[in-house]
Number of protein chains: 2
Amino acid sequence: MTSRTRPDPEVAGDPVEADDAPSASGTTIDERQAAVLRAVVERYVATAQPVGSGTVARAGRLGVSSATVRNDMTILEREGYLVQPHTSAGRVPTDLGYRLFVDHFAADGQVPAGTRRAVSEFFAGAHHALEDLLHETSHLLARLTDHAAVVVGPPAESAVVRSAQIVALQPRVLLVVAVLSNGSVEKQTLTLDADTDDATVAAASAILDAALRGAAVTGLPVPPAAARGAGDAAASDLARRGAEALAAHAGQHEDLVYVGGASRLAAEQSSFSAADRAERLLELIEEQVAFASLLHVVLDADVTVRIGSENEAEELQECSLVLAPYPLGDSLGGTVGVFGPTRMDYRRALAAVAVVASRLGKRLSG
Amino acid sequence: MTSRTRPDPEVAGDPVEADDAPSASGTTIDERQAAVLRAVVERYVATAQPVGSGTVARAGRLGVSSATVRNDMTILEREGYLVQPHTSAGRVPTDLGYRLFVDHFAADGQVPAGTRRAVSEFFAGAHHALEDLLHETSHLLARLTDHAAVVVGPPAESAVVRSAQIVALQPRVLLVVAVLSNGSVEKQTLTLDADTDDATVAAASAILDAALRGAAVTGLPVPPAAARGAGDAAASDLARRGAEALAAHAGQHEDLVYVGGASRLAAEQSSFSAADRAERLLELIEEQVAFASLLHVVLDADVTVRIGSENEAEELQECSLVLAPYPLGDSLGGTVGVFGPTRMDYRRALAAVAVVASRLGKRLSG
DNA sequence: GGCTGGCACTCACTACACTGGAGTGCCAGC
DNA sequence: GCTGGCACTCCAGTGTAGTGAGTGCCAGCC
């Protein structure tokens, strides 16, 4: 349930290792300082206001005075976990601060009963096509976390053609359709120069089906050469064109991304520094392909959290992603995740993502 | 090119009829007052600042002093075309003011050369599946107008099944696929309690295809009863289940809506009074079905403009829609349109929507 | 040595008064 | 019927305190 492949630092007794601290001092922070950080993060996530030492001390969990908290905050700031927006304001967590929080305090894996129930109800319901299920899952996750959510479909690469056919829509317009093993359907329109008769289309469809059935969608089916004896050159030619059209399209076909709750980004606009950040993010989402590539990296980990500057993409510098892969049958499926401002309730997001990924995987595999 | 079915009021010489004016006086506004309104609208659209009498007079088109403009503005305000945000500010157009502007000054139908060229280039390019074309068209329209754009697909009602089949994805998971005459594909997964063999699936597929081919997608195909002699009861049963699944789904299947450039709503947030307006709109867009129903009403008109309160939906009260239907073959296709804040460049939007609708119709019909 | 209370200091935020300017309505005169 | 002039309104911007939350530092206490 932890994120990243980092040794889990000890919190009790021994000093917490500030492994990523930018300071060259190699200083560590102790247990109470970590608790202060925790209090600051929780408070800041709740209120969006810089948190002062008095607030933390008054909360009373630590049993120390505000002066002591102040001293700890000074250290936490020196070590890069907190920053002050300006002198005489409270402190705000840095990306590094969130990272420590996530690694130490967000990983207890408690899933709220309400979340668990909502997920169960959702997956108990009927869903038709794969696309619908994934799409609705993204909305479920958005509802649970109150952030935008993504569901990346199973990778297209592993799909195999289960059926292929050519259908006449209009006299000169044909549709080439391939049903893939992952439940998706590839289609391509084919416009002809002259009318074709039904028999030729049917023959071509049969040729195409025979040639493509069972073929992997990548390393695509070789177009059947002018085969089939000299029987029907027109049909054979048509089948070849159909195969080519499919191959050209399927080859560059990226995994589909379903985004739910993108509207929440508008509400989160105030959490971003640049005024057009939310707009840029929405644009990024609209370019599905580019967006999918940003989510792909997770595959091995259980749940991965990427906080602010840990993201490479410029647009995501002020965002956090909580991602988890889900299995599909015995192989790997896709990814589900949540993204919002770094000021995010990581515990809730982690719990929701984990449980949804797990249930979605079971649903798709069972 | 005009909107609504309202007699085009005379502007030259005769007084312009203030047909929708809320005042009981039945007063009319004259040509110069209309020109003042025009100047206010154009200026306000450009600057988003209330427009004062001095600004209009200084622009010089009218050749009258600011005092005269002031008098006209007073009348325009009394008649409901303008409002003052507060005393001693300039004037801002009302929905009624925009309506007059659209009816009188936005209808000259001049399409900028750049727009025309961009549209030509777009439709000259190759597009594969119908869905892709419509999706990309919505982005084209968004780019041209700098607002969010919608493209509603051809109505599903008129579609006819051109092919139907059942494909095995996994031993117990089947996919029922129907290719429709409008180029779309309906699919449904079917989960079985026991494994089936390929022969049964193939037989069921043949039965289904025979039964559904040519049937209208509405008033849906009656599931073939336990027919086909006693030959293969399992196949016949399977075909019936497939047909039922398709019918259940296709019956409630709404026309698809493609939205492009929704991210622009975030930038337009400042044009809305309520802070969460943009968020509400994005939510509305996410619920495709609900959104589509708001766009459907246009069918007869050439280009329709709905301004602010002319929209019935509560969420659209501060939005304007510019919509135009496009033909598909000989029947009616779908709708293309643009939507943004009432403070919108209507001339540009009208021109872009008209030309895109026309070219899209030709492309789909030719 | 580490926690604590106390204290001086910083600085954003708010309230308030003041001013400049854009805009208005009205009116007498051409 | 248009125009210039004039008094008035009121937003927006600026300068000035006052307030309070928060900080850093330090001496003292356990």
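All values below come from the heavy atoms of this structure, side chains included, with hydrogens, waters and symmetry mates left out. Each chain gets a letter, A, B and so on, in the order the sequences are listed, and its residues count up from 1. What you see is a predicted model, and the numbers here were worked out from it, not measured in a lab.
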Q: Start with the C-alpha distance between B:Ser320 and B:Tyr346, add both sets of side-chain angles, then the distance that settles side chain to side chain donor-acceptor pair (under 3.5 Å), and finish with yes or no.
A: CA-CA 9 Å; B:Ser320 285; B:Tyr346 289 97; 2.6 Å; yes
Q) Counting only non-hydrogen atoms, which of residues 40-59 of chain A are less than 4.0 Å from DNA chain D? A) A:Gly52, A:Ser53, A:Thr55
Q: Can you pull out how bent the helix from C:dG1-D:dC30 to C:dC30-D:dG1 is, comparing the axes over its first five and last five pairs, to 10°?
A: 30°
Q) For D:dC25, does either OP1 or OP2 sit under 4.0 Å from a side-chain N or O belonging to A:Arg70? A) no
Q: Report the residue (B:Ala67 or B:His86) whose heavy-atom-nearest nucleotide on DNA chain D is the more 5′ of the two.
A: B:Ala67
(Q) Of the listed nucleotides (D:dG24, D:dC2, D:dT9), which one gets closest to any side-chain atom of B:Ser88? (A) D:dT9
Q) Starting at the 5' end of DNA chain D, which residue's closest nucleotide do you reach first, A:Asn71 or A:Ala89? A) A:Ala89
Q. Is any side-chain nitrogen or oxygen of B:Arg91 closer than 4.0 Å to OP1 or OP2 of C:dG23?
A. no
**Q.** Candidate pair A:Tyr44 and A:Phe101, rule ring pair (Phe, Tyr, Trp, His ring centres under 6.0 Å), full reasoning
**A.** CA-CA 12 Å; A:Tyr44 184 66; A:Phe101 176 84; over 10 Å; no
(Q) How long is the straight-line distance from CG of A:Asp276 back to CD of A:Glu315, given to the nearest 0.5 Å? (A) 10.5 Å
Q. Taking 4.0 angstrom as the limit, do B:Arg38 and B:Glu42 come out as a salt bridge?
A. yes
Q) The side chain of A:Thr68 lies closest to which of these nucleotides: C:dT4, C:dT24, D:dC2? A) C:dT4
Q: Would you indicate, yes or no, if D:dG24 has its OP1 or OP2 atom less than 4.0 angstrom from a side-chain nitrogen or oxygen of A:Thr74?
A: yes
Q) Distance check: side-chain N/O of A:Thr87 vs OP1/OP2 of D:dT23, anything under 4.0 Å? A) no
Q: Test side chain to side chain contact (heavy atoms under 4.5 Å, CB included) on A:Arg32 and A:Asp72 and set out the steps.
A: CA-CA 8 Å; A:Arg32 196 189 58 213; A:Asp72 286 345; 2.7 Å; yes
